[in-house]
2 protein chains.
Amino acid sequence: MTDPQERFDHLVARLRERDHRLTPQRIALVRLLAESQEHPSAAHLYSQLKEQFPTTSQATVYKTLALLKEMGEVLELGFSDDDNRYDGNKPYPHPHLVCVCCRRIMDPEVALLKTLEREVAELSGYQIVGHRLDLYGICPDCQRE
Amino acid sequence: MTDPQERFDHLVARLRERDHRLTPQRIALVRLLAESQEHPSAAHLYSQLKEQFPTTSQATVYKTLALLKEMGEVLELGFSDDDNRYDGNKPYPHPHLVCVCCRRIMDPEVALLKTLEREVAELSGYQIVGHRLDLYGICPDCQRE
DNA sequence: GTGCTTGCAAACAGTTTGCAGATAG
DNA sequence: CTATCTGCAAACTGTTTGCAAGCAC
């Protein structure tokens, strides 16, 4: 995981460089994203933001997320049957490990993925440009119950 | 790929065994799914079904898909930013190769996936119960353009 | 002061549901 | 005959958009 403060500074710098305004709401949201490890949903970010800014709206969250997505600074994990989840700390595609029980999402080390992509590229003739790998499982905590 | 006729017979047998009614609409939809290689969307299935049954509705398509999903006989590929796609020929989770250009979806051979899952299970302590692997790329046809 | 951003509400798209009439078994 | 299925339309959910007022710069 990238150091949250470093990541926050990077995001603020990138926004400034593109002449985007650093409103208090936006700064707070960027901070949440820079610190995030738990791959929060938009609704979750909204409810955290609302603690500091009671009048804020979901639209603000979605608009800022859209902006950062377009800048390549957040990764959106789309779930068609559930809220989407966001990663503002590691914004590039990477594997996820999703607990089917508590919906916790973590980032596993997957050394073999590069080799796997190369294997598929050679066999299929496709030029691979990205991936989405979610492993579903039961986390150690949930196994205990 | 499973032989479409064999797959169709299997699906019909499973529906019959659970005392579900074999209406003409349902039979036609099951046939489309048994023959499908192109991972059709609900809208695509609906438009094909509509050729034979002009008064049919999307609800019928969705209800039959829900039934077959629940029976474990179709695989739903959820895309949060696009229509979901369905595989009624190979209904168990398997990797997909998605062309970012023409949205064609095919099934690559991925020998390494099992090893990869084992690697992650050992390192994380999770009990792996499933996966979703989509590789995004540009298919040979689209590369030519 | 300028024009990007906010926050409200309405729109949107894909999917699901309720229900009355049709129909497979 | 009767319980399930169909097909219409309305509801639902997460996300996006339009717009007037607010505020960063």
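Chain naming here is simple, since letters A, B, ... match the order of the sequence lines and numbering starts at 1 in each.
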Using only atom types and a distance under 3.5 Å, with no angle test, would you say the side chain of [X] pairs donor to acceptor with the backbone of [Y]?
X	Y	value
A/Arg132	A/Gly78	yes
A/Gln143	A/Ile138	yes
A/Thr64	A/Thr60	yes

### Query
When clusters are formed by joining ILVMFWY residues with side-chain heavy atoms under 4.5 Å apart, either directly or through shared neighbours, do A/Leu133 and A/Leu123 land in the same one?
no
#### Entry: Hphob cluster co-occupancy, A/Phe79 + A/Met106, side-chain heavy atoms under 4.5 angstrom
no
### Message
Taking any atom closer than 4.0 angstrom to a non-hydrogen atom of chain B, what span of DNA chain D does the protein reach, first nucleotide to last?
### Response
D/dA3 to D/dC8
### Query
How do A/Leu67 and B/Arg16 order along DNA chain C: which one's closest nucleotide is nearer the 5' end?
A/Leu67
### Message
Using every non-hydrogen atom in the two residues, find where B/Leu29 and B/Leu49 come nearest and quote the distance to one decimal.
### Response
N-CD1, 3.9 Å
### Query
Taking the nucleotide of DNA chain D with the closest heavy atom to each, which residue, A/Ala42 or A/Gln25, is nearer the 5' end?
A/Ala42
### Message
Students often get this wrong, so: under 4.0 angstrom with heavy atoms, is A/Thr60 touching a base, only sugar-phosphate, or nothing?
### Response
base
Let me have the donor-acceptor pairs involving side chains of residues 21-28 of chain A, under 3.5 Å, with sequence neighbours excluded, atom names and distances please.
residue, atom, partner, partner atom, Å
A/Thr23, OG1, A/Arg26, N, 3.2
A/Arg26, NH1, A/Arg21, O, 3.2

### A/Gln37, CD: over 12 other non-hydrogen atoms inside 6.0 angstrom
no
### Query
Considering residues, nucleotides and ligands other than B/Glu109, do more than 12 of their heavy atoms fall under 6.0 Å from its CD?
no
### Message
Just to be sure I understand the geometry, which residues of residues 80-89 of chain B put a non-hydrogen atom under 4.0 Å away from DNA chain C?
### Response
B/Asp83, B/Asn84
### Task
Go through residues 45-58 of chain A and report each residue with a non-hydrogen atom lying under 4.0 Å from DNA chain D, sorted by number.
none
### Task
For the pair A/His39 and A/His94, name the ring-plane relationship: parallel under 30°, tilted 30 to 60°, perpendicular over 60°.
tilted
Give each protein N/O atom lying under 3.5 Å from an N/O atom of nucleotides 18-22 of chain C, with the pair distance.
residue, atom, partner, partner atom, Å
C/dG18, O6, B/Lys63, NZ, 3.1

### Message
Salt bridge check, B/Arg103 against B/Glu38: does any charged N sit closer than 4.0 Å to a carboxylate O?
### Response
no
### Task
Using the test side-chain contact (heavy atoms from CB on, under 4.5 Å), find all partners of B/Thr2 that sit at least two apart in sequence or belong to another chain.
B/Glu6, B/Arg7, B/Asn89
### Query
Whole-Å distance between C/dC4 P and A/Arg18 CZ?
13 Å
### Query
What's the OH-C1' distance between A/Tyr62 and C/dC8, to the nearest Å?
16 Å
### Message
Between B/His44 and B/Tyr46 (judged by ring centroids, cut-off 6.0 Å), do the two rings come close enough to count as a pair?
### Response
no
